[in-house]
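Data first, discussion second: the structure below is written as structure tokens.
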Amino acid sequence: MDNLFNVRMRAAKGGAHEEGGRHISGGELITTHEELRKQIHRLVDKAFAHSRGMPDFFQVKVEVIESPLSFVPPLSPIHYVVPSVLKGRLLAKKRLATCGINDLVIEKAFQLLEEHSHVRGALIIDAKTGERLDKNFDRGVRVSAFSWKEQSYEEWLSRHRLTKQERMKDAVALASKVCAHPWTVAEVCWSDDPDYVTGYVASSTFGYERISHMKKRGDERGGRLLFVENYDETYLRYLEEKPVWIGWEELG
Ligand code: PML
């Protein structure tokens with residue numbers, strides 16, 4: 001069998017992230033050697049045509065995948081259209097509460113997200129106390145090593161009568177990996193792209209719940225919260241390293 005590669009991209013302005021540069025764009029994918037060149041081009045286009053600005057730092061990391069890949073079925077989508085950011089945030093909080101998270105914990109976590117909107121990775125939150133559990137204060141946790149199987153993506157689109165949308169494709173893949181772990185209670189996310197106001201709440205019980213307005217247009221603050229019932233090195237390694245295909249094994 002051909003080698004598979006995990007490809008990670010990050011781009012920033014004002015130097016590398018660790019030197020204080022401002023995050024512009026990131027990307028994750030798994031690919032074959034044959035497709036590598038095409039996929040890297042896609043990531044170049046993604047980073048250099050971003051509404052957060054033109055990067056002056058761009059890095060692509062390509063690593064061969066040593067362990068076998070398992071399949072994670074994609075979450076089913078629901079789309080809520082809300083008339084305002086206020087209603088969107090309120091709905092997100094209600095959906096998180098439906099996952100069993102206490103209102104005070106939700107408020108505390110949203111507050112943390114406001115204070116850490118410069119963090120490009122996810123903040124890991126204790127679903128019982130609202131405390132932040134990851135120790136990467138300015139970096140958060142980067143969920144990596146996942147990709148859609150293209151045939152499954154086509155099937156998922158047709159099952160849910162949806163058309164292709166790159167950003168949603170990437171977000172559903174990430175959320176499906178995150179929510180497949182039994183310790184994940186729920187995830188909430190909205191983009192740091194000033195032109196992109198749709199966000200989501202995801203959970204293994206209710207699926208990928210898209211919310212049309214999670215922030216005002218022009219706002220560059222975004223982020224991702226993962227509410228968990230347990231947290232340790234193995235959970236962190238699952239999110240960052242365990243390679244998975246998003247799709248149904250029977251479709252290949
Ligand atoms: C991001 O791209 O930074 C997050 C996007 C979240 C929403 C994706 C969607 O369903 O449209």
Side-chain angles (χ1 to χ4, degrees), residues 7-13 17 22-29 42-53 55 72 74-82 84-85 87-89 91-93 95-96 109-110 113-114 116-124 139-144 146-148 152-153 156-157 159-179 184 186-204 206-227 239 246:
V7 183
R8 286 183 291 168
M9 176 277 281
R10 63 186 176 121
K13 193 178 177 66
H17 299 83
R22 190 172 138 274
H23 179 66
I24 298 290
S25 174
E28 310 287 333
L29 57 97
R42 261 191 63 212
L43 294 173
V44 171
D45 290 346
K46 184 176 180 189
F48 286 88
H50 206 283
S51 40
R52 282 175 69 79
V72 165
L75 295 171
S76 293
I78 303 175
H79 194 157
Y80 296 104
V81 178
V82 291
S84 65
V85 178
K87 291 258 163 58
R89 295 270 177 109
L91 178 60
K93 289 175 183 173
R95 299 312 301 148
L96 290 166
F110 271 60
L113 192 60
E114 295 269 317
H116 293 80
S117 60
H118 64 286
V119 175
R120 67 182 195 281
L123 308 185
I124 312 285
R139 195 174 72 87
V141 173
R142 182 168 184 171
V143 183
S144 187
F146 60 88
S147 245
W148 274 96
S152 292
Y153 180 55
W156 182 85
L157 287 173
R159 275 189 203 178
H160 300 290
R161 295 191 178 78
L162 292 169
T163 50
K164 284 190 179 166
Q165 216 260 51
E166 282 300 311
R167 199 179 285 255
M168 184 180 178
K169 179 183 183 186
D170 292 345
V172 170
L174 184 151
S176 300
K177 178 176 181 185
V178 165
C179 293
T184 306
E187 177 195 350
V188 61
C189 166
W190 59 92
S191 182
D192 56 5
D193 180 336
D195 291 341
Y196 205 82
V197 299
T198 303
Y200 67 88
V201 171
S203 64
S204 60
F206 300 106
Y208 184 83
E209 303 187 275
R210 249 184 136 204
I211 301 174
S212 63
H213 284 82
M214 285 297 284
K215 67 171 196 184
K216 284 209 166 67
R217 196 164 293 279
D219 189 344
E220 296 207 336
R221 289 167 304 170
R224 173 169 277 123
L225 296 169
L226 306 191
F227 293 89
L239 294 179
I246 308 302

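Every number for a ligand or one of its atoms is a count from 1 in the order of the listing. Only this structure's heavy atoms are used, side chains among them; waters, hydrogens and symmetry mates stay out. This one's a predicted model, so the numbers in the text were calculated from it and none came from an experiment.
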- prompt: Which residues satisfy the side chain to side chain donor-acceptor pair (under 3.5 Å) test with S191, sequence neighbours excluded?
  reply: R167
- prompt: What is the distance from atom CG of L75 to atom OH of Y200, rounded to the nearest 0.5 Å?
  reply: 9.0 Å
In a simple table, one pair per line, please give the protein and ligand 1 atom names for every N or O pair closer than 3.5 Å, along with the distance.
| unit_1 | atom_1 | unit_2 | atom_2 | d |
| --- | --- | --- | --- | --- |
| ligand 1 | 2 (O) | R167 | NH1 | 3.3 |
| ligand 1 | 3 (O) | S191 | OG | 3.2 |
| ligand 1 | 10 (O) | Y208 | OH | 2.6 |
| ligand 1 | 10 (O) | R210 | NE | 2.7 |
| ligand 1 | 11 (O) | Y196 | OH | 2.5 |
| ligand 1 | 11 (O) | R210 | NE | 3.2 |
| ligand 1 | 11 (O) | R210 | NH2 | 2.6 |

task: Please name all residues satisfying ring pair (Phe, Tyr, Trp, His ring centres under 6.0 Å) with H23, sequence neighbours left out, ordered by chain then number.
output: H17
field: Six-ring centre of F206, R95 cation under 6.0 angstrom, axis tolerance 45°
entry: yes
- request: Check the surroundings of atom NZ in K87: do more than 12 heavy atoms from other residues, nucleotides or ligands lie under 6.0 Å from it?
  value: no
message: Test of understanding: with side chain to side chain donor-acceptor pair (under 3.5 Å), list the residues that count as partners of E220, not counting sequence neighbours.
response: R22
